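What follows is a single structure, written as structure tokens, with notes after it.
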Amino acid sequence: MHKNTFRISTLLLALGFAVLAGCSTSTNKAPIEERAIKGGAPKTGAANAQPVPQTGAIAPDVKALPGAENAGKPGYYTVKPGDNLIRIAIDNGQSTRDLVKWNALENPNRIEVGQVLRVVPPGVDAAAVTTKSVAAAKVESRALDAKPATTAGSVAAATSAAVSTAASAPASSSQATAVAAARENDEDPVWGWPAAGQVNVGFDEQRNKGLAFYGKAGDAVLAAADGRVVYAGSGLRGYGNLVIIKHNSTYLTAYAHNQTLLVKEDQAVRKGQKIAEMGSSDSDQVKLHFEVRKQGKPIDPAKLLPGR
């Protein structure tokens with residue numbers, strides 16, 4: 001009896017060790033198998049080692065924007081959100097055509113924020129520039145209010161004695177056309193009224209950056225001073241058919257909402273010359289919106305215009 005009991009106890013003890021040994025083996029293997037299924041951890045060993053990607057190797061290349069090396073230099077402009085080429089040209093007294101050429105722009109409608117544009121002619125020392133020449137241009141001999149047509153002699157008389165040359169185009173049997181080059185000067189322009197009517201809305205720096213003249217469609221819009229047309233078109237939102245005249249390095253004037261434009265970019269114009277016809281383009285009524293900008297900042301034109 002005692003021998004049988006001892007044998008049974010011995011057998012049970014042996015079986016217990018076997019079960020414990022089996023459980024121990026299963027416990028050690030389970031985590032490795034689970035990782036192998038999930039693929040969460042690589043196997044150890046030199047043969048299975050995977051290269052660790054370096055941060056510098058996967059960073060995308062950053063493309064430098066055109067002209068970035070000129071940022072902050074005189075004569076260059078860094079494009080800001082909301083800019084377009086027309087606005088940049090106007091604020092710098094240039095034509096969009098010149099900016100396209102100087103910056104080799106393939107598409108003038110696509111400029112990027114942060115892009116740096118040349119806004120002075122190549123070869124010009126921007127730091128030394130004090131004025132923008134009024135380009136030589138054909139002077140129109142269009143009569144206004146039954147006044148005598150402009151002649152080559154009257155243009156020459158009106159032009160300063162500092163003009164170096166004045167070339168005449170070949171004369172026809174009915175009319176001679178003159179070409180004059182106006183001298184560089186940075187003196188204040190001699191101002192005149194851009195429209196015949198009274199001012200209906202005055203200057204307000206926040207809401208109305210100029211003067212509004214109400215009138216009838218087709219009323220004459222006149223150049224407020226001698227200068228050069230740097231923009232004539234409808235590409236600036238809110239202004240409709242627009243003319244911009246540069247008078248010197250300090251002043252430019254803007255004439256908005258016209259129904260018809262009578263001048264082109266780079267054309268020289270004289271004070272009082274008809275440059276457009278009043279209209280309601282991009283406006284709820286017929287009117288002329290007239291701005292004067294001094295070094296790019298709108299100022300009250302009423303402080304410059306002569307008394308009536």
Side-chain angles (χ1 to χ4, degrees), residues 90 93 134-135 137-151 154-155 157-160 177-178 180 182 185 187-203 208-234 236 239-248 250-283 285-294 298-308:
I90 290 171
V134 177
K138 182 178 179 180
V139 178
E140 294 185 346
S141 57
R142 182 167 181 163
L144 298 177
D145 300 328
K147 292 180 182 179
T150 303
T151 63
S154 63
V155 171
T159 307
S160 169
T177 306
N185 76 84
E187 300 173 356
D188 287 346
V190 178
W191 299 102
W193 288 81
Q198 298 298 315
V199 175
N200 297 100
V201 181
F203 176 83
N208 188 50
K209 300 181 184 298
L211 304 178
F213 299 82
Y214 297 162
K216 302 185 301 296
D219 283 353
V221 175
L222 311 176
D226 296 352
R228 181 175 64 93
V229 177
V230 293
Y231 182 75
S234 58
L236 197 58
Y239 285 81
N241 294 324
L242 173 69
V243 175
I244 299 288
I245 298 175
K246 182 74 172 179
H247 303 288
N248 55 26
T250 303
Y251 291 100
L252 62 78
T253 51
Y255 312 75
H257 306 305
N258 305 289
Q259 73 170 9
T260 305
L261 304 182
L262 304 176
V263 292
K264 299 178 180 180
E265 289 184 16
D266 292 328
Q267 180 176 331
V269 295
R270 308 298 296 176
K271 171 188 169 185
Q273 180 178 337
K274 186 175 179 180
I275 58 173
E277 294 178 348
M278 196 179 296
S280 58
S281 57
D282 215 351
S283 173
Q285 69 180 101
V286 175
K287 65 179 179 181
L288 166 66
H289 173 78
F290 172 68
E291 290 185 13
V292 175
R293 290 181 175 249
K294 184 177 183 179
I299 62 173
D300 186 358
K303 296 180 178 179
L304 302 174
L305 297 176
R308 279 177 162 171

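This is a predicted model, so every value here is computed, not measured. For the single chain, residues carry numbers from 1 onward in sequence order.
The aromatic rings of Trp193 and Phe213 sit perpendicular to each other, their planes meeting at more than 60°, with 30° as the lower class boundary.
Looking at heavy atoms from C-beta onward, Asn200 lies out of side-chain contact with Lys287 at the 4.5 angstrom threshold. Within the 4.5 Å cutoff, the side chain of Asn241 has no heavy atoms near those of the Gln259 side chain. Put simply, the side chain of Ile90 reaches to within 4.5 Å of the side chain of Leu236, judged on heavy atoms. Using a 4.5 Å heavy-atom cutoff, the side chains of Pro194 and Leu288 are in contact. For the pair Ile275 and Val229, the minimum side-chain heavy-atom distance is 4.5 Å or more. A 4.5 Å side-chain heavy-atom check between Trp191 and Tyr251 finds at least one atom pair inside the cut-off.
A donor-acceptor contact shorter than 3.5 Å links the side chain of Tyr255 to the backbone of Ala224. Panel note: side chain Ser281, backbone Asn258; a donor-acceptor pair is recorded below 3.5 Å. Between the Ser283 side chain and the His257 main chain, no donor and acceptor come within less than 3.5 Å of each other. The backbone N or O of Asp226 sits less than 3.5 Å from a side-chain atom of His247, completing a donor-acceptor pair.
The two residues Leu222 and Lys274 have their closest heavy-atom pair at CD2-CA, 3.9 Å.
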Discussion item. For Asp300 and Leu211: C-alpha separation, side-chain torsions, deciding distance, then whether side-chain contact (heavy atoms from CB on, under 4.5 Å) applies.
Written reply: CA-CA 8 Å; Asp300 186 358; Leu211 304 178; 4.0 Å; yes

Discussion item. Go through it in stages, so that I can follow the logic: the residues are Leu304 and Ile299, the test is side-chain contact (heavy atoms from CB on, under 4.5 Å), and I'd like the CA-CA distance, side-chain angles, deciding distance and then a yes or no.
Written reply: CA-CA 9 Å; Leu304 302 174; Ile299 62 173; 3.8 Å; yes

Practice prompt. Could you walk me through whether Asn208 and His289 pass side-chain contact (heavy atoms from CB on, under 4.5 Å), step by step?
Written response: CA-CA 9 Å; Asn208 188 50; His289 173 78; 3.4 Å; yes

